[in-house]
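Written out below as structure tokens is the structure these notes cover.
Chain A is the first sequence line, chain B the second, and so forth, proteins listed ahead of strands; every chain is numbered from 1.
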Protein chains: 2
Amino acid sequence: MKKITSQQQRVLDCIQIYLNKTGFPPTRADICKELGFKSPNSAETHLRALEKKGFISIESGTSRGISIINNDNKLTQADNEYPVIGLVAAGSPTLAQENIEQTINCPNKFFDSGFDYFLKVKGLSMKDVGIMEDDLIAVKKTNEVSNGDIVIARLEDEVTVKFFQRKSPKIVELEPANEDYENIVVDLEYQDFHIEGKSVGLLRKN
Amino acid sequence: MKKITSQQQRVLDCIQIYLNKTGFPPTRADICKELGFKSPNSAETHLRALEKKGFISIESGTSRGISIINNDNKLTQADNEYPVIGLVAAGSPTLAQENIEQTINCPNKFFDSGFDYFLKVKGLSMKDVGIMEDDLIAVKKTNEVSNGDIVIARLEDEVTVKFFQRKSPKIVELEPANEDYENIVVDLEYQDFHIEGKSVGLLRKN
DNA sequence: TATTATACTGTACATATATTCAGTATATTT
DNA sequence: AAATATACTGAATATATGTACAGTATAATA
């Protein structure tokens, strides 16, 4: 993160304070009023500088389209906002902005080993171990998994949650916990396979 | 808080999701785009209804001037230590010190409606709805329960987790979610029965 | 039965707002 | 010495946006 000038800091603080107070970001005119500027261009140039330095993002052509970019310097807080990502049949569950349905505030060490995001479950392939539709799996991003771990894996374009079982150096088996589903045998030599992470816990709201 | 219609709930959810995604509230047009309305007035009337019912506030004449009113005051928003209580076969799960196995740090409003303690599950009587041995059920202490709720009930000296079903003014049925278990018919006139609370969520660590 | 709330489409318009252009001035960097 | 970044004023403008008005229709309520 680049260094910030004192005036730019004032503008950044102003945006945060305005957000806390009203629930929505200020306009250029609002910032001028708060900080005593007489021209909206004063706010504009500061905003552009803050955007260039990566402190905020500005949605072009959008009223109040300012959002503060969190570098997550929440050293004082143990909590964090964790994204909830939908398990889409085709395509990997990435942390891209458009895939984030909501965020959940949760202590960092909630699931003992720490985790990276929540994955919303589709289907019942793991129902016998109590993983039901729309449950939220706490996923720790890693590719170091052991036999018997519940993993989030991508096979070609499909993302699934299954038990992991290495059969041989080149063969991996993905095992469901539901007799209506078949084991998936993966040949690492010929198939595009990737471990997204493993389940370290589960959350359900009802 | 007054009751909300399903369409109004959709609009409220839409605002929250838009806020999470962009950092600022939606315009009327944005809401229309998200929910498929063809006139900005559709969003407008829903917003007015939500404002009238106290779910949101609208700043007049202000672009994107919508803010969601959360009735949970920031004072209780802080984290809390929640006790984990074992489901002992005999005796009610009380908050007495000797029954507390451990505590878990968790945001107050983690399970949307708020809750009082975690109950560690014994047995598999609710396995078909994904409640497994050693899972932690988030319990809200209440005796206002509806048919179909998952309740924590005490019958004589036994505490169980089951579906609640009122059959008649004096007959309540406790239904497991496991074909190996039988329904329990409770005659309120002759049996000592008490609702400890109901399940508002579930937590599993692995 | 009349009234109110819900749930929309569609048009129109005043104004709220982002954004550009034209300046002035000082400090910092190349 | 020239270029760039900072830090403003002031005016102009295209458009983004709230909001009113005119309808249609159904369900709930008094």
Output yes when at least one side-chain N/O atom of B:T5 is less than 4.0 Å from OP1 or OP2 of C:dA7, else no.
-> yes

OP1 or OP2 of C:dA5 under 4.0 Å from side-chain N/O of B:Q8 = no

Separation of D:dA11 atom C1' from A:K38 atom NZ, nearest Å, is 16 Å

Between C:dT9 atom C1' and B:L35 atom CG, what is the distance in whole Å?
-> 16 Å

5' priority, DNA chain C, between B:R10 and B:S63 [closest heavy atom] | B:R10

How would you label the contact of A:S42 with the nucleic acid (heavy atoms, under 4.0 Å): base, sugar-phosphate, or nothing?
-> base

Look at the side-chain N and O atoms of A:Q7 and state whether any lies under 4.0 Å from the OP1 or OP2 oxygen of D:dC8.
-> yes

d(CZ, A:F37; C1', D:dG10) in whole Å | 15 Å

Rounded to whole Å, the CG-C1' distance (B:N41 to C:dT9) equals 9 Å

OP1, OP2 of D:dT6 versus side-chain N and O of A:K53: anything below 4.0 Å?
-> yes

Between B:E44 (CD) and C:dA12 (C1'), how many Å, whole number?
-> 15 Å

Describe, as an angle rounded to 10 degrees, how the axis at the first end of the helix from C:dT1-D:dA30 to C:dT29-D:dA2 is tilted relative to the axis at the last end, five pairs per end.
-> 30°

Backbone N/O of B:V151 and side chain of B:D149: donor-acceptor pair under 3.5 Å | no

Please check the phosphate of D:dT6 (OP1 and OP2 only) for any side-chain N or O of A:H46 closer than 4.0 Å.
-> no

Using only side-chain N and O atoms of B:T62, determine if any of them is under 4.0 Å from OP1 or OP2 of D:dG18.
-> no

So, is A:T45 close to the D:dA7 phosphate, meaning a side-chain N or O under 4.0 Å from OP1 or OP2?
-> no

A:L50 has an atom CG; how far is it from atom C1' of D:dT6, in whole Å?
-> 12 Å

Spell out yes or no: do the side chain of A:S39 and the base of D:dG10 have one donor N/O and one acceptor N/O closer than 3.5 Å?
-> yes

Have a look at A:R48 and say if it touches a base, only the backbone sugar-phosphate, or nothing, with a 4.0 Å heavy-atom cut-off.
-> sugar-phosphate

Distance only, no hydrogens: is a donor on one side chain within 3.5 Å (strictly under) of an acceptor on the other, for B:S125 and B:K162?
-> yes

Lys/Arg cation over aromatic B:Y190: B:K170, 6.0 Å, 45° cone | no

Taking the side chain as every heavy atom from C-beta outward, state whether B:R48 and B:I58 have any pair of such atoms under 4.5 Å apart.
-> yes

Could you give the CD1-to-C1' distance, from A:I31 to C:dA18, as a whole number of Å?
-> 12 Å

Taking NZ from A:K33 and C1' from D:dT9, how many angstroms apart are they, rounded to a whole number?
-> 20 Å

Verify the contact: side-chain N or O of B:R28 to OP1 or OP2 of D:dT17, cut-off strictly under 4.0 Å; return yes or no.
-> no

What residue among B:K127, B:R204, B:K122, B:K120 forms side chain to side chain donor-acceptor pair (under 3.5 Å) with B:D135?
-> B:R204

Check the surroundings of atom CD in B:E133: do more than 12 heavy atoms from other residues, nucleotides or ligands lie under 6.0 Å from it?
-> yes

